[in-house]
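Chain A is the first sequence line, chain B the second, and so forth, proteins listed ahead of strands; every chain is numbered from 1.
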Amino acid sequence: MELSLRERIRAGDPEAFAELFDAHARAVYGHAARLTGDAGAAEDVVSLTFLEAWRLREKLRPEGAAADPGLPEGEGLRPWLYGIATNVLRNTRRAARRHSAALARLPERPADRDTVPDFADALVGRLEDAERLAAARTALGRLPGPEREVFALCVWSGLSYEAAGEALGVPASTVRSRLARARQRLRRLSEAELAARGGRRDTVGSTQERNR
Amino acid sequence: MNPEEREEPALLLPSPGEPVLTDDRHDLLKTHLLRELTVTRRATPRRRFALIAVPVATAVVAAAVVVGVGRTGTPATDPRAVDLLNRIAAVAATRKAVAVRDDQYLYVRTQGFMKFSDKDVRTLRESSWTAVDGKRPGLRRITVLNGPPFRPRDPFSSYSKGTHDMRLSPDPNVTTFRELEALPTDPDALLRKIYDDTKDDRGQALERIGDMLAEAGLLPELDAALYRAAAKVPGVSVVANAKDYAGRSGIGLAFRGREEREVWVFDKESLAYLGSGTEALLDVGVADKAGETPEAPDD
């Protein structure tokens, strides 16, 4: 009988982990980069997530035992992996300690200044990407932790409420309400900022003061 | 979740863009992961220890401060283990040193295993030839005794059942025979150096010593110093009947390594090192060419 990918992962088949990596490493990287705002740190999160997945492979629920029997297995292994990534992101230092020997064997990342881009445009593009990422991360930082996670999972990584709930170990309804709260908070914040900017514009003198 | 539910909140924050893991980084991280999943489940591959020789004089100065100071929760020292290690050292010191030329290869043959999963543990015999000066490529020949047959898509096809040769590129992280020769043969100085390299971790220091025992068999003074150094590390105990990974029994010395309990096994009569509970030492010698089995010594 052909074992499913899920069963092969549970059995600790390294080839299954190779497939899992091919299928999801890029997405986990994107999620980690958006939540940390740091492309370099995101690579470590990818390594740690898959090392943790290997360590915890036997805890992956077996085939057929869906968290909610009414749900299809559609999202497959994604929620499980995002759940592990979430824990790694919550406490990267602890995960790094656990896998310190493995991380030490990780080939060093070339620093940006060591790589010569073909065109100056490429470098500029990369810096712009890095700035945009950092700006989004700063803005995301205005949300409390649980809302931040839900926002990144559902809005930026495109997980369904159910999948995000499975990743975070909470019901889908909790995901929905956290996202609603996040949305309200962000709306209030941006309205407040608009108002603040408008207010300054009225008082000409102080605006000049600030613009210097 | 419908698209608007996603789009509206997305507009409330600046777009983070699409951070991309490039293909080369992806492949590099993947290779690293797969190596970690397999090779490192066993202790660090035996000959990949990074001990860089220091001038003996420096090491001797540092030797005054030794062992056990400031380490919390020091395990008890078993006087029988200390006695046995010192006897093993005394016998080791009387063995004949082997003359080795720079153009030759160090030959080590072992029997060990590679754990791919709890259900897939492959026994393998490994012969390796490492350039004495570390400057020329070596050879690693493994024979996997039990394991799946060769399949082209298998990322671990080099561990399928059968014999596989791998070229070993010169690697600065692998200690060369010449570097081993340059290590201090004063047990205190040697131990200080090993503790420095292992951040004073006892289990790791003993593992480090264990890593060197095979090759050190050709260097009687270093060999004796390694056992005398081990005698100064607390936490080693005697196992009356121990078995190496090939099933040969002898007297054992056990300690807690970084991950699991380790046992070194010695012949009860000759006190020769047989190997460990996870890797048996079958042969060690010097060969003129990589791939060539050295002749048995004629004594």
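Contacts of A/Arg10 classified as salt bridge (charged side-chain N to carboxylate O under 4.0 Å, His left out), with partners at least two apart in sequence or in another chain: A/Glu7. Not a single side-chain hydrogen bond (donor to acceptor under 3.5 Å, both in side chains) links B/Asp27 to another residue, sequence neighbours left out.
In this structure, chain B has heavy atoms under 4.5 Å from both the backbone and the side chain of A/Phe21. If you measure heavy-atom distances from B/His32 to chain A, the contacts under 4.5 Å come from the side chain alone. With a 4.5 angstrom heavy-atom cutoff, B/Asp23 touches chain A via backbone and side-chain atoms both.
Panel note: side chain A/Arg178, backbone A/Val150; no donor-acceptor pair is recorded below 3.5 Å.
Ring orientation note: the planes of B/Phe255 and B/Trp264 are nearly perpendicular, at an angle over 60° on the 30°/60° scale.
Between A/Phe50 and A/Phe17, the gap from one ring centroid to the other reaches at least 6.0 Å.
Most heavy-atom pairs under 4.5 Å with chain B, from the set A/Val46, A/Thr138, A/Leu186: that is A/Leu186. Taking A/Ala139, A/Ala102, A/Ala182 one by one and counting their heavy-atom pairs under 4.5 Å with chain B, the maximum is reached by A/Ala102.
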